[in-house]
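Everything below concerns the one structure shown next.
Chain identifiers are assigned alphabetically (A, B, ...) following the order of the sequence lines, protein sequences preceding nucleic acid strands; residue numbering begins at 1 within each chain. No experiment lies behind these values; they were computed from the predicted model shown.
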Amino acid sequence: MAGQRRGFFCGSLDHSLSRRGFLGAAAAGAATFATDMTALNVLQQPAFASELKKQQKRVILLWLAGGSSQLETWDPKPGAATGGPFRAIQTAVPGVQISELMPKMAQRMKHTCIVRSLNTKDGDHGGGAKLMMRGRRDEANVQYPDLGAVLAREMGRVDSQVPDYVSFYFATEGRGFAPGSSGFLGARYAPMELTQSMIPENIRRLADINDLDHAERADLRDLLSKQFTQGRVNSTTSSHNEAYQRVRGLMSSEKLFDISQEPQKMRDLYGPTQFGEQVLAARRLIEAGVPFVRVARAWWDSHGQNFETHQEMVPELDHVMATLLDDLEQRGLLEHTLVVTLAEFGRTPGINASLGRDHFASAWSATLSGCGIKGGAVYGKSDPTGNRVVDGQVGAAELFATIYRALGISPTKNYYVGSRPVPLTEPGTKAIDAVLA
Amino acid sequence: MASANPDQLKLARNLNSKGILFGIARLANSSRAFVGSSDFKVYEVDLTDVKAEPKELGAHNSYVTSVAVADKTIISGSYDGRLIWWDAEKRSQIRAVDAHGKWIRRVLATPDGKVAISVADDMKCRLWDVESGKMLRELSGHKAETPHHFPSMLYACAVSADGKYVATGDKVGHVVVWDVATGKELATVETPVMYTWDPMQRRHSIGGIRSLAFSADGKQLAVGGMGKVGNIDHLEGKARVEVFDWQKGERTHEFPGDKFSGLVQQLTFHPDGEWLLGAGGANDGFLQFFNLKDKKVLRQEKVAMHVHGFALNEESDTIYAVGHGKIMVYEMKA
């Protein structure tokens, strides 16, 4: 029991759940996944965990900000003039090779599909980042929600006490290019953005306010809000109020972010880098029911010394991503969790005078691992030099449709902006069936 | 040796080549040189004939990052971790050795041509018997990881004129001088300015010690790289050279750079100590001459390519610089 107790966030048995109580609640459909931090403890017990897991799908987006090179990761071209110095290595999937900088992922390719034929036509950091976070371009009068906001809406629970959308982006470069955006969905689905601290700032109740005061202030605010909104019902005010209604739940979720709660052995597995620690936090969050977590690893914009930069950063990506997939698999979460690697674009096959690669959106790669995905699949093909797509060209819309389908969400589902129906992806968009399980 | 005068430096000719050339080594008292290319191949070039096609000796399995001449034997090193011995006369391969577990950055030969020296990103320096190809000694001591938990790299090495000392320099600015006879670490010097870790904006690093050179008497050790960098997406730090009296552990000279940005990829002392020559670049390249006696920059010349390496002739009055697709021949005859 000591081991089980160690997993309790406050260490109190008061927060433990009985098997009967939990399963009863699950059967009633009233508590099918974590509602507070005690759920993490529950997840350590296989019988409970299975009840939780079968309901909930989740996404971890590894956002490779600045644009990682497809040639030094998922689509190597060894021997080509554009190929760079690194070799390709055979993966565990016959016929599939990736860069030698990713030996750990090479052994885990059965979980991952590679899309090698992205042509997204935007080599600008800002434009590319918005496009690849939202799957489409804004219109003059419509700001679209990004992937995290849509999935928060689709996979989060109305009464969730954990955040629906968390974004880690500590590096300052590029953060402003693709801030989390809930667009027309409103503030209810906006991300909890962490930019300086692993644990949300200002989440704690002020020391000079006791819990009763806090609750009474919330009641007063609620009363005033209801009076204000009488006769003024619109999406903005209701979204605002929904956000406040979740405050007390979110305040109790602080320890979800605290990786010191993890056994040291687990922390060692993810490693000491900031990216490793944030991905471990992401796993804790999705395990507790957070539907979408973005972990941004910046900054890959290797205009000079591309190969040195990738020698430094790709092994970290390889290690952390492989550790994440192992961890999810061992917890039985991988089949319910989609892990995405994505950036605003890739990098030029041409090698510049500084041994760098520049911005390139014409033939680059993304990966999908886990939930709903045909592991080991490779979709699309770039030419022998990596300069253009020769088979299976897709854009952001197709990739997003594929993500939605992998999660069991119809890409044609409509939201409504006023009375205008707006489908999740642009009309006529087809998901990439070949990579879907 | 007064035949070389940096004031007379001028571009004499360009020789076209294939791919990006990372290293060059001359066969003594000849116009023959050997270069390593990004097309994985080692070529022989005639430095006097602008129309001559490079002659291929053979290929590695990755970029050929360095070439050394040991008497009549050519030794090439590559990102594939292999050293290949070539017969300069027959233009044929003698042997290939799986020399390192990671990417080989530099290969040298002792002046007597008997020992080859290689450094690689497995953070090892290895000494090789040129005749037999057997490893003689391994010099190990550079840390495999940077203080920020990322892989370090061992970019540079140099050997003293008497062959007694080898210096090695890594990514974080740590230099070790080794006793070749015993393999013992004799001294260390530090050039931390040459390593830039960006903890906030971009969260990775750039830089490292890219070049080392002993003075003719072996007492001075020059270290080349790049100063601190603001935007590490680019090679925008100033080209930087520091010189040490390594036996005393004292830095005697600091040339922080003013005119050119980028990495100092190679350094060579004039045999009589008249100057120290550094070359390198960012998008473009440079040649820099330093007067150590007066602690002044003698001359700085822009080069229309990033210079990855160079060789001098016997008179030290001609520079054969290699880079992106060509060999540029500079003369500075007195």
Side-chain angles (χ1 to χ4, degrees), chain A residues 65-68 78-88 100-101 125 169-175 195-196 271-278 296-320 350-359, chain B residues 18-20 22 37-40 59-65 78-81 102-104 121 145-146 148-153 155 171 197-208 210 226 229 231-237 261-263 281-285 304-306 308 323-325:
Chain A
S68 58
T82 54
F86 303 119
R87 289 175 287 189
E100 67 172 315
L101 297 175
H125 283 299
Y169 198 139
F170 277 26
T172 56
E173 192 67 19
R175 196 194 295 158
T195 58
Q196 296 182 36
T273 66
Q274 186 183 79
F275 182 55
E277 291 185 341
Q278 291 177 348
R297 174 59 173 109
W299 179 249
W300 295 78
D301 199 19
S302 49
H303 293 288
Q305 300 277 289
N306 173 75
F307 307 115
E308 306 304 315
T309 299
H310 282 74
Q311 267 181 259
E312 183 172 52
M313 296 176 73
V314 178
E316 181 196 36
L317 171 65
D318 181 52
H319 173 78
V320 172
I351 299 163
N352 67 31
S354 294
L355 297 182
R357 296 190 192 272
D358 302 311
H359 303 177
Chain B
K18 295 178 179 176
I20 306 165
F22 295 106
S37 172
S38 65
D39 68 4
F40 301 5
H60 279 264
N61 293 315
S62 186
Y63 283 9
V64 182
T65 48
S78 163
Y79 264 48
D80 65 9
K102 284 193 174 181
W103 305 282
I104 293 174
D121 287 348
E145 283 194 349
T146 67
H148 308 99
H149 309 294
F150 290 90
S152 188
M153 293 145 194
Y155 288 118
K171 181 167 187 174
W197 163 255
D198 179 345
M200 183 56 68
Q201 279 184 275
R202 294 170 175 84
R203 207 153 181 92
H204 64 94
S205 70
I206 200 165
R210 303 304 181 98
M226 176 173 66
V229 184
N231 178 355
I232 62 172
D233 293 345
H234 303 270
L235 293 172
E236 67 172 32
S261 298
L263 298 159
N283 283 319
D284 291 322
M305 68 175 183
H306 183 131
H308 291 291
H324 231 88

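- Heavy atoms closer than 4.5 Å to chain A are found nowhere in B:Met305, neither backbone nor side chain.
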Q | Step-by-step side-chain contact (heavy atoms from CB on, under 4.5 Å) determination, B:His306 to A:Leu355 | A | CA-CA 9 Å; B:His306 183 131; A:Leu355 297 182; 5.9 Å; no
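- At a heavy-atom separation below 4.5 angstrom, chain B is approached by A:Pro272, A:Thr273, A:Gln274 within residues 271-278 of chain A.
- Taking A:Ala298 as the reference, A:Ala65, A:Tyr169, A:Ala171 meet the side chain to side chain contact (heavy atoms under 4.5 Å, CB included) condition, with sequence neighbours excluded.
- For the options B:Gly281, B:Ser205, B:Ser62, heavy-atom pairs under 4.5 Å to chain A are most numerous at B:Ser205.
- The candidate from A:Pro85, A:Gly356, A:Ala81, A:Ser302 with the greatest count of non-hydrogen atom pairs under 4.5 Å with chain B is A:Pro85.
- Relative orientation of the B:Tyr79 and A:Phe86 rings is tilted, given thresholds of 30° and 60° on the angle between their planes.
- Taking NE2 from B:His204 and CH2 from A:Trp299, the interatomic distance works out to 9.5 Å, rounded to the nearest 0.5 Å.
- Residues satisfying the side chain to side chain contact (heavy atoms under 4.5 Å, CB included) criterion with A:Thr195, sequence neighbours excluded, are A:Arg175.
- For the side-chain contact (heavy atoms from CB on, under 4.5 Å) test with A:Ser354, the passing option among B:Asn283, B:Asp284, B:Leu263 is B:Asn283; the others fail.
- Between A:Glu308 and B:Lys171 no salt bridge is recorded (no basic side-chain N to carboxylate O distance below 4.0 Å).
- In this structure B:Arg202 satisfies the salt bridge (Lys or Arg N to Asp or Glu O under 4.0 Å) test together with A:Glu173, B:Asp233, sequence neighbours excluded.
- Of the listed residues A:Met313, A:His303, A:Glu316, the one with more heavy-atom pairs under 4.5 angstrom with chain B than any other is A:His303.
- Using a 4.5 Å cut-off between heavy atoms, B:Thr65 does not touch chain A at all.
- Put simply, CG on B:Asp80 and CZ on A:Arg87 are 6.0 Å apart, with the number rounded to the nearest 0.5 Å.
- Note that NE2 of B:His234 and CG of A:Asp301 are 6.5 Å apart. Values are rounded to the nearest 0.5 Å.
- Both the backbone and the side chain of A:Gln311 come within contact range of chain B, judged by heavy atoms closer than 4.5 Å.
- Minimum heavy-atom separation, A:Glu312 to B:Pro151: O-CD, 3.9 Å.
- Of the atoms belonging to B:His308, it is side-chain heavy atoms, and not backbone ones, that fall under 4.5 Å from chain A.
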